[in-house]
Asks: 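Here's a structure for you.
Basis for what follows: all heavy atoms, side chains included, without hydrogens, waters or symmetry-related copies. Each chain gets a letter, A, B and so on, in the order the sequences are listed, and its residues count up from 1.
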Protein chains: 2
Amino acid sequence: MDVSRQQSEPSPERGPRARTRKLMLETATRLMQSGFTPSVSEVAEAAEVSRATAYRYFPSQAALVHAVVDEALGPILDWRSDAPDALTRIADLLATAMPRIDEFEATFKAALKLSLDQWAQRQAGTLGNEPQFMRGHRVELLRQATAPLEGKVSKESREQLAQALSLVFGLEVLIVLKDIWGLSAERAQSVAEWAAAALVEAAVREAQTAAP
Amino acid sequence: MDVSRQQSEPSPERGPRARTRKLMLETATRLMQSGFTPSVSEVAEAAEVSRATAYRYFPSQAALVHAVVDEALGPILDWRSDAPDALTRIADLLATAMPRIDEFEATFKAALKLSLDQWAQRQAGTLGNEPQFMRGHRVELLRQATAPLEGKVSKESREQLAQALSLVFGLEVLIVLKDIWGLSAERAQSVAEWAAAALVEAAVREAQTAAP
DNA sequence: AAAATTATGAGATGTGCGTATCGTAAAGAT
DNA sequence: ATCTTTACGATACGCACATCTCATAATTTT
């Protein structure tokens with residue numbers, strides 16, 4: 001029996017396979033958006049398929065979360081901006097991404113948890129070359145957002161700025177500001193926007209004083 | 001059998017109980033500092049006590065991690081600074097805390113993982129009033145660090161600054177900059193320090209332009 | 001030193017997740 | 001319409017973590 005075909009082939013758009021997979025994904029997404037991170041068994045029950053079938057499509061909770069994350073990430077990865085200044089781009093990026101992350105908070109937290117698991121297992125030496133969580137989309141998005149600064153600040157400064165900006169943009173921001181400080185999602189985003197603006201302005205100002 | 005005495009009483013400094021507990025804690029700390037997050041059974045084996053005994057002292061991996069986190073947190077919670085300016089205090093705080101967090105990276109990541117578990121369970125309604133992880137020491141430390149700004153900037157600005165600073169100070173910084181950007185711990189701290197300084201200066205500058 | 005208390009160890013038991021096997025039903029091909 | 005392929009469900013199994021029980025060893029008390 002050629003097991004390898006089942007998942008490796010880019011799963012046909014039609015037929016029972018696609019139908020069941022879609023059913024499970026929608027069920028999982030719905031459950032996760034309600035703030036709960038289900039096991040494969042629980043999705044199976046909610047979708048009214050047998051456990052065995054569920055495990056055929058998603059061999060682990062990790063695979064399940066991975067798939068839902070891809071759904072949730074869609075609009076964020078499609079983000080583009082041709083605004084002429086970096087400040088506007090950053091604000092726009094945050095306005096696009098942060099509400100989406102908040103909407104899928106449970107999903108992203110589950111993904112973070114899994115990435116921490118993977119990290120721990122790498123430390124222990126139990127290393128399977130599994131698909132990575134935390135794939136660093138932030139890097140590309142922030143390079144895109146800080147592109148208007150090319151020429152205005154040095155390459156090194158731009159890189160450092162992008163790195164600093166990645167600290168005020170993402171799930172971690174919501175964790176810290178909502179769970180520790182008790183802020184609302186809106187207030188958290190506002191703080192993040194203020195911080196992001198401050199960082200951009202600092203980078204620009206430094207470049208100006210260095211070479212006036 | 002009066003079970004309640006065992007853990008609730010502030011565990012005597014002497015006797016076999018204190019000895020075994022100390023042995024386990026030291027073993028667990030050593031294992032975790034080597035980058036691995038052991039289960040209770042694994043600590044039991046490493047400490048050469050039986051699983052049953054281990055579970056008497058630490059009824060779960062969570063309890064174990066909690067105890068080691070308290071150890072790791074010690075020097076950070078003791079941090080004080082009477083430097084006259086906020087900039088110096090922040091830099092000093094980062095210089096104290098970040099290397100310590102990096103040293104106990106596995107421990108703090110395990111704690112973060114557990115706090116994510118707790119969050120998920122609260123969402124699901126399975127709510128035991130267990131001891132909280134993520135107890136928000138950052139809030140107090142950063143209020144302390146930004147104290148010199150009292151009078152210079154508004155209370156609201158100071159609060160917002162402290163919130164923004166909490167984004168560039170903590171485990172999350174290391175996760176993002178090391179694991180996603182691939183930076184070294186030293187470089188990560190340097191980026192964090194730059195960002196922190198930028199945020200403080202932005203807050204001060206805003207206050208000056210508002211009321212010159 | 002003897003008795004009471006407390007700590008420890010060994011093994012059985014339960015639970016949740018993931019895997020494997022097998023028989024049956026549905027879909028597609030000739 | 002028959003045959004082949006593919007999908008599905010039920011069940012049993014292994015594993016790892018955590019819990020429970022009870023007998024034994026160590027410590028403390030009198």
Side-chain angles (χ1 to χ4, degrees), chain A residues 1-25 27-28 31 36-67 110 113-114 117-118 120-121 124 126 128 130-131, chain B residues 1-9 11-25 27-28 31 36-66 110 113-114 117 120-121 124 126 128 130:
Chain A
M1 180 179 177
D2 187 0
V3 175
S4 66
R5 287 191 62 224
Q6 296 199 357
Q7 290 290 348
S8 63
E9 199 168 295
S11 59
E13 303 294 312
R14 304 197 161 286
R17 288 201 66 85
R19 209 190 68 79
T20 304
R21 188 191 154 85
K22 192 182 170 196
L23 171 63
M24 283 196 61
L25 234 180
T27 304
L31 288 174
F36 172 59
T37 305
S39 67
V40 179
S41 299
E42 287 163 329
V43 174
E45 191 176 355
E48 293 185 311
V49 298
S50 78
R51 277 175 13 103
T53 300
Y55 275 104
R56 281 188 191 97
Y57 289 92
F58 300 99
S60 65
Q61 199 196 40
L64 198 56
V65 170
H66 200 278
K113 202 158 94 61
L114 289 169
D117 278 333
Q118 286 189 344
Q121 285 175 6
T126 313
E130 287 132 28
Chain B
M1 180 177 175
D2 186 1
V3 174
S4 67
R5 286 191 61 225
Q6 297 199 357
Q7 290 289 347
S8 64
E9 199 168 297
S11 58
E13 304 292 313
R14 305 196 161 285
R17 286 200 68 85
R19 208 192 67 79
T20 305
R21 188 190 154 85
K22 192 181 172 198
L23 171 63
M24 284 196 60
L25 235 180
T27 305
L31 289 175
F36 171 59
T37 304
S39 66
V40 179
S41 298
E42 286 163 329
V43 174
E45 192 175 355
E48 294 185 310
V49 297
S50 78
R51 281 192 306 285
T53 301
Y55 275 105
R56 282 191 190 94
Y57 289 92
F58 301 98
S60 65
Q61 199 195 42
L64 199 55
V65 170
H66 200 278
K113 201 159 94 62
L114 290 169
D117 279 333
Q121 285 175 4
T126 312
E130 289 133 27

Asks: Just to confirm, is there a sub-4.0 Å distance from OP1 or OP2 of C/dG9 to any side-chain nitrogen or oxygen of B/Thr53?
Replies: yes
Asks: Can you measure from CD (A/Glu42) to CZ (A/Arg51) and round to the nearest 0.5 angstrom?
Replies: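 Rounded to the nearest 0.5 Å, the CD-CZ separation comes out at 11.0 Å.
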Asks: Without decimals, in angstroms, what is the distance between A/Arg19 CZ and D/dC8 C1'?
Replies: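 Whole-Å distance recorded here is 12 Å.
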Asks: Could you tell me how far apart B/Leu64 (CG) and D/dA18 (C1') are, to the nearest whole angstrom?
Replies: 14 Å
Asks: Find the distance between CZ (A/Arg19) and NZ (A/Lys22) and round it off to the nearest 0.5 Å.
Replies: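 Spacing of CZ (A/Arg19) from NZ (A/Lys22) equals 10.0 Å.
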Asks: Does a nitrogen or oxygen in the side chain of B/Tyr57 sit under 4.0 Å from OP1 or OP2 of C/dA7?
Replies: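 Checking C/dA7 against B/Tyr57, no side-chain N or O comes under 4.0 Å of OP1 or OP2.
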Asks: So, for A/Leu23 and A/Ala47, which heavy atoms are closest and what is the spacing to 0.1 Å?
Replies: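 A/Leu23 and A/Ala47 have their closest heavy atoms at CD2-O, 3.6 Å.
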Asks: If you measure from CD on A/Glu45 to OG1 on A/Thr27, what distance do you get to the nearest 0.5 Å?
Replies: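 So the gap between those two atoms works out to 12.0 Å.
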Asks: Show the distances under 3.5 angstrom between N or O atoms of the protein and N or O atoms of nucleotides 19-23 of chain C.
Replies:
residue	atom	partner	partner atom	Å
C/dT19	OP2	A/Pro59	O	3.1
C/dT19	O4	A/Arg51	NH2	3.4

Asks: The test is side chain to side chain contact (heavy atoms under 4.5 Å, CB included); show your working for A/Tyr55 and A/Ser41 and say whether it passes.
Replies: CA-CA 8 Å; A/Tyr55 275 104; A/Ser41 299; 4.0 Å; yes
Asks: With B/Ala120, which residues qualify under side chain to side chain contact (heavy atoms under 4.5 Å, CB included), at least two apart?
Replies: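 Counting only residues at least two positions away or on another chain, B/Ala120 forms no side chain to side chain contact (heavy atoms under 4.5 Å, CB included).
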Asks: Does anything in residues 39-48 of chain B come within less than 4.0 Å of DNA chain C? Heavy atoms only, and list the residues if so.
Replies: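 Result for residues 39-48 of chain B: none.
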Asks: So, taking the atom named CG in B/Leu64 and the one named CE in B/Met24, what distance separates them when rounded to the nearest 0.5 Å?
Replies: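 Answer rounded to 0.5 Å: 6.0 Å.
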Asks: Rounded to the Å, how far apart are A/Asp117 CG and C/dG18 P?
Replies: 11 Å
Asks: Hey, could you give me the CG/OG1 distance between B/Leu25 and B/Thr20, rounded to the nearest 0.5 Å?
Replies: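 Between B/Leu25 CG and B/Thr20 OG1, I get 12.0 Å after rounding to 0.5 Å.
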Asks: How long is the gap from CD on B/Glu48 to OG1 on B/Thr53, to the nearest 0.5 Å?
Replies: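 The CD atom of B/Glu48 sits 13.0 Å away from the OG1 atom of B/Thr53.
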Asks: How many Å lie between CD on B/Gln121 and C1' on C/dG16, as a whole number?
Replies: 13 Å
Asks: Tell me: CZ of B/Phe58 to P of D/dT19, nearest whole Å?
Replies: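 Value for this atom pair: 14 Å.
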Asks: When the distance from CE of A/Met24 to P of D/dC8 is rounded to whole Å, what number comes out?
Replies: 10 Å
